[in-house]
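What follows is a short report on a single structure.
First listed ligand is number 1; within each ligand, the first listed atom is number 1. Fair warning: this is a prediction, and the values are worked out from it, not measured in the lab.
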Amino acid sequence: MVDPISKKPFVTVDSDGFLAPCGFRYTYRDGVPDFRVQLGAGAKMWAQGQKTFAQWFMRYLDRGEASNSFYPAEQQRDRRVYEAITLEGRVLDVGGQLGHIRKYMAPHQQYCSIDPFVGVHLLASNRKNLFANYPLTLPLNFLGGFAEFLPIRDESFDTVNMRSCIDHFFNPEIALMEAFRVTRKRGKLIVGLKIEGHTLKSSLLDIAKGVVGTFVSRYKDHHMWHPSYAGLIALCRGCGFDLEKEYWQTSDVLYASFIRRDTHLVTVETDN
Ligand SMILES: C[S@@+](CC[C@H](N)C(=O)[O-])C[C@H]1O[C@@H](n2cnc3c(N)ncnc32)[C@H](O)[C@@H]1O
């Protein structure tokens, strides 16, 4: 691990926390190493979105306990995705929460989840169905932090996974540049998310949400960004990742894998 801002190794690491070269000390919150860099502008909107998401997540956990078929049905859908687009080698799960995707990895693979939702493990405790269906009793490498400031060494992961979270980030471009930095050359980026405007139905739903949002809240929903297909592919390409494979889980939920280029820069061809 490194200081999430300077990317230099910590001066000391002990039970008091992580001392960065600049003198700032990152500590623990709810037992989790907390690398959530404090951000100014945009933080209020993000915090509002995160609060709405946390409420949604509690309802999700309640539904999982109320019905024995809830998690198996979810896994039937998700397993197909990760059979088509495999999680390879050492995996960094950005916005990875409780590490659900370990269900689709081999037992020997190394895994780390980094997510600003530092108290999420407390919400999960005593959820019988959740623990029966997902490998949550395994020790979990979990860091509190943001995709935009990864406390991770350069080129140290084979796969970076971002499922249903790019649209939650403050700044997807910085997050993808960080993903490029921590992925090994020719390593893999996996992105899964709902694509805006891909079907007529989703376009109409998005317009309706926008109209309702004008009256009910300042925010359309708890997402910070609503990418189109072209917007997502262009962003990944611009940050050094070339599209490898696509898997449409539904008509508007896309999973895509990208290969990390050796260098970030795209060479411009000239006639000379
Ligand atoms: C819909 S959940 C997806 C969780 C998990 N990836 C999955 O597929 O089950 C979105 C996650 O993104 C996280 N998140 C929000 N902002 C983030 C940021 N700036 N950096 C990293 N994760 C973030 C949230 O805390 C939340 O856990």
Side-chain angles (χ1 to χ4, degrees), residues 4-5 29-30 32-61 63-64 70-71 74-75 77-82 85 87 91-105 111-124 127 130 133-136 140-152 159-179 181-182 189-194 219 221-227 247 249-250 253-256:
I5 294 185
R29 176 82 181 253
D30 294 332
V32 170
D34 187 2
F35 297 112
R36 292 175 300 174
V37 174
Q38 297 303 309
L39 299 165
K44 196 171 161 209
M45 180 175 172
W46 180 85
Q48 167 90 23
Q50 191 71 353
K51 197 170 147 206
T52 312
F53 170 70
Q55 288 160 355
W56 176 91
F57 189 66
M58 282 297 278
R59 291 197 297 276
Y60 162 88
L61 291 176
R63 280 162 64 204
F70 182 76
Y71 292 125
E74 176 175 76
Q75 289 169 5
R77 295 190 296 272
D78 292 349
R79 179 169 288 112
R80 289 197 202 111
V81 171
Y82 286 106
I85 295 185
L87 292 153
V91 176
L92 179 68
D93 199 6
V94 180
Q97 237 179 46
L98 297 168
H100 278 50
I101 61 152
R102 289 180 296 165
K103 181 85 187 175
Y104 315 111
M105 290 171 51
Y111 172 90
C112 179
S113 168
I114 179 159
D115 197 302
F117 200 169
V118 291
V120 68
H121 61 294
L122 303 174
L123 304 183
R127 304 270 181 176
L130 182 68
N133 284 280
Y134 283 100
L136 301 193
L140 171 66
N141 294 313
F142 183 92
L143 303 172
F146 292 122
E148 293 84 351
F149 298 97
L150 296 177
I152 303 285
T159 302
V160 169
N161 185 64
M162 292 182 177
R163 181 171 77 160
S164 305
C165 55
I166 273 202
D167 43 1
H168 290 241
F169 297 165
F170 289 99
N171 185 317
E173 187 177 10
I174 300 176
L176 284 179
M177 284 163 64
E178 277 289 80
R181 186 181 63 75
V182 304
L189 168 72
I190 301 176
V191 176
L193 86 168
K194 181 174 175 286
Y219 310 110
D221 55 27
H222 61 255
H223 297 113
M224 302 282 283
W225 187 48
H226 298 86
Y247 181 97
Q249 191 177 35
T250 66
V253 174
L254 170 68
Y255 282 77

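The nearest non-hydrogen atom to atom 22 (N) of ligand 1, considering only Pro116, Gly144, Cys165, comes from Pro116.
Results of the side chain to side chain contact (heavy atoms under 4.5 Å, CB included) test with Tyr111 over Leu140, Leu92, Asn141, Thr159 single out Leu140 as the only residue that passes.
Annotation: Asp93 places no N or O atom under 3.5 Å from an N or O atom of ligand 1; distance criterion only. Close N/O approach between Ile114 and ligand 1 is not found [any backbone or side-chain N/O within under 3.5 Å].
Two rings, from Tyr134 and Tyr71, have their centers less than 6.0 Å apart. Between Trp46 and Phe146, the gap from one ring centroid to the other is short of 6.0 Å.
The atoms of ligand 1 that sit less than 4.0 Å from any heavy atom of Ala147 are 18 (C), 20 (N), 21 (C). Counting the atoms of ligand 1 from 1 in the order shown, those under 4.0 Å from a heavy atom of Phe117 are 25 (O). The ligand atoms of ligand 1 that sit less than 4.0 angstrom from a heavy atom of Phe146 are 18 (C), 19 (N), 20 (N).
Residue contacts with ligand 1 leave out His100, since none of its heavy atoms falls under 4.0 Å from the ligand. Assignment of Gln50 to the shell around ligand 1 is supported, since a heavy atom sits closer than 4.0 Å. In this structure, Phe53 has a heavy atom closer than 4.0 Å to ligand 1.
Below 30°, between 30° and 60°, or above 60°: for Tyr60 and His100 the angle between ring planes is between 30° and 60°, a tilted geometry.
Within a 6.0 Å radius of CD in Glu173, other residues, nucleotides and ligands contribute 12 heavy atoms or fewer.
Contacts of Trp46 with ligand 1, taken as heavy-atom pairs under 4.0 Å, involve the side chain alone.
For the side-chain hydrogen bond (donor to acceptor under 3.5 Å, both in side chains) test, residues two or more places apart in sequence or in another chain that qualify with Glu178 are Lys7, Arg181.
In this structure the side chain of Pro33 never reaches within 4.5 angstrom of the side chain of Phe142, judged on heavy atoms.
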